[in-house]
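Order of the sequence lines fixes the chain letters, A, B, ..., with proteins taken first and strands second; residue numbering starts at 1 for each chain.
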Number of protein chains: 2
Amino acid sequence: MTKVTREAVIDRLMSVFRRHGYQGASMSELANATGLGKSSLYHHFPGGKDDMALAVLDHVRQWLDEHVVKIAAGDGTPKAKLAAITERLAAFYENGREPCLLGALAAGGARANLQAPLREAFQMLIAAFTALGIEGGAPKAKARLAAEDAVLRIQGALILSAGLDDPSPFRHVLERLPKDILG
Amino acid sequence: MTKVTREAVIDRLMSVFRRHGYQGASMSELANATGLGKSSLYHHFPGGKDDMALAVLDHVRQWLDEHVVKIAAGDGTPKAKLAAITERLAAFYENGREPCLLGALAAGGARANLQAPLREAFQMLIAAFTALGIEGGAPKAKARLAAEDAVLRIQGALILSAGLDDPSPFRHVLERLPKDILG
DNA sequence: GTCTATAATAGGATAGAC
DNA sequence: GTCTATCCTATTATAGAC
């Protein structure tokens, strides 16, 4: 498996984990989704599901780094950067039709192994939004609270959109995201 | 099993489902949690896990009716009623340490059977908060959006509190709930 | 209504050929 | 690196005694 197809495999794994959670993701479905046999999966992820979930979490953290953290720390007005970030988030979650991996893992009661990377992923998001709020002129403490609120709204919106089978709560949260963070 | 102990059994089942989700809740743990043998569980819930999850969802809807809908429709100022409701919610979720059954089921990708009652439970909550907002003087459309936002914040806060292993996001959301709904 | 025992199946994981 | 075949365990579910 070359480097590029490993990415592809992890991407397929992610799509299973985010929809079914850790326990709901079976080796059979993981194998089907990747187009690999179970044994091949074990070749690439010797630790089994745990290894895969860890790899997927790492993949998500890379994604967040590239599409949220880097943009937040880059050039442009806070407003413009937030607009770019929300665009990426909308695509990543397919406008509320795709669940969140972090939510799926946190909701199922994460394995001990997954707790730390899970927390780090949430903290990355909160830190990036906090920085944006501060850059926009908010006091540090207020920016931090607004950032936490933004992250939890995204999570909750994906849950509610799934529960109602209606993507509009997610869309609405994303629309208001820049305003909520910039005040 | 008398009527009162059936309630107790369902309550134990709920505590397993909310912590592990549908797939993560195994018959063994369900049996342990209730103190019944597996066969006894099948006696009371012939349809197995599906039946149990349905019963638990029904239980939650009754809880919501009693501790949210009825209070919202009852006597008192909107502010006072909201205070009473948040108190119940805080207790129900043990201040953010216990996950939400609705979230746990919605996140795992709900079974087809569970989708409808799940949606109804969310809609009950939204309707109750909307009514409170209207009673507080908000225009209908605005009250409805604020109610949706409140529900999704509670869900997201429970996810984030679990992910960060820190109940403060949930506590903070509950504190702001009356203000968010009443404006 | 509850239990013990047991079936039937799915799940995670490994061995070894290619 | 991938496959087929297999193993072992956990899981869902049922039968039948009490």
Side-chain angles (χ1 to χ4, degrees), chain A residues 1-57 59 101 104-105 107-115, chain B residues 1-59 101 104-105 107-114:
Chain A
M1 188 161 65
T2 77
K3 213 171 195 177
V4 58
T5 62
R6 177 176 167 92
E7 286 295 294
V9 165
I10 291 178
D11 207 68
R12 307 287 193 91
L13 294 177
M14 179 179 68
S15 116
V16 178
F17 278 117
R18 79 196 296 192
R19 277 182 295 115
H20 300 303
Y22 184 84
Q23 320 252 18
S26 73
M27 288 299 302
S28 322
E29 184 160 3
L30 260 5
N32 279 343
T34 54
L36 294 174
K38 292 189 206 174
S39 298
S40 300
L41 277 180
Y42 277 99
H43 174 76
H44 297 289
F45 307 96
K49 270 173 78 171
D50 248 56
D51 254 22
M52 296 182 221
L54 244 13
V56 164
L57 263 177
H59 184 243
L101 176 82
L105 294 181
R111 302 284 291 257
N113 281 345
L114 306 180
Q115 183 73 39
Chain B
M1 185 160 68
T2 77
K3 213 170 193 178
V4 57
T5 62
R6 178 176 165 93
E7 286 295 294
V9 165
I10 291 178
D11 207 66
R12 307 287 192 93
L13 295 177
M14 179 180 68
S15 116
V16 178
F17 278 116
R18 79 197 294 195
R19 276 183 296 113
H20 299 304
Y22 184 84
Q23 320 252 15
S26 73
M27 289 298 301
S28 322
E29 184 160 4
L30 260 5
N32 279 343
T34 54
L36 293 174
K38 295 186 204 174
S39 297
S40 301
L41 278 181
Y42 277 100
H43 176 75
H44 297 289
F45 307 96
K49 270 173 76 171
D50 248 57
D51 254 22
M52 296 181 220
L54 244 13
V56 164
L57 263 177
D58 216 63
H59 185 243
L101 176 82
L105 294 181
R111 301 284 291 256
N113 281 346
L114 306 180

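Per the geometry, CZ belonging to B:Phe45 stands 18 Å off C1' belonging to D:dT14, to the nearest Å. Remark: C1' of D:dT14 and CG of B:Asp51 are 15 Å apart, rounded to the nearest angstrom. The distance from atom CE of B:Met52 to atom P of D:dT11 is 14 Å, rounded to the nearest whole Å. Between the CG atom of B:Leu41 and the P atom of C:dT4 there is a distance of 13 Å, given to the nearest Å. We find that CZ of A:Arg111 is positioned 11 Å from C1' of C:dG12, with the value rounded to whole Å.
Out of D:dT2, D:dA13, C:dA13, the shortest distance to the side chain of A:Lys38 is found at C:dA13. Nearest to the side-chain atoms of A:Tyr42 among the listed nucleotides C:dT14, D:dT2, C:dG1 stands C:dT14. Nearest nucleotide to the A:Ser40 side chain, out of C:dT2, D:dT2, D:dT12: D:dT2.
Between the CZ atom of B:Arg19 and the CG atom of B:Leu101 there is a distance of 12.0 Å, given to the nearest 0.5 Å. The distance from the NZ atom of B:Lys38 to the OG atom of B:Ser26 is 8.0 Å, given to the nearest 0.5 Å. Note that CG of A:Leu36 and OG1 of A:Thr5 are 8.5 Å apart. Values are rounded to the nearest 0.5 Å.
Between the side chains of A:Asp51 and A:Tyr42, no donor-acceptor pair is found at a separation under 3.5 Å. Judged by distance alone, the side chains of B:Gln23 and A:His20 never bring a donor and an acceptor atom under 3.5 Å apart.
For C:dT2, one of the phosphate oxygens OP1 or OP2 lies less than 4.0 angstrom from a side-chain nitrogen or oxygen of B:His44.
At a threshold of 4.5 Å between non-hydrogen side-chain atoms, the residues A:Met52 and A:His44 do not count as touching. The shortest side-chain heavy-atom distance between A:Phe45 and A:Leu30 does not fall under the 4.5 Å cut-off.
Contacts between residues 14-31 of chain A and DNA chain D, defined by a heavy-atom separation under 4.0 Å, are absent.
The terminal axes of the helix from C:dG1-D:dC18 to C:dC18-D:dG1, fitted over 5 pairs per end, subtend an angle of 0° to the nearest 10°.
Taking only distance into account, the side chain of A:Ser39 meets the base of C:dA15 through a donor-acceptor pair shorter than 3.5 Å.
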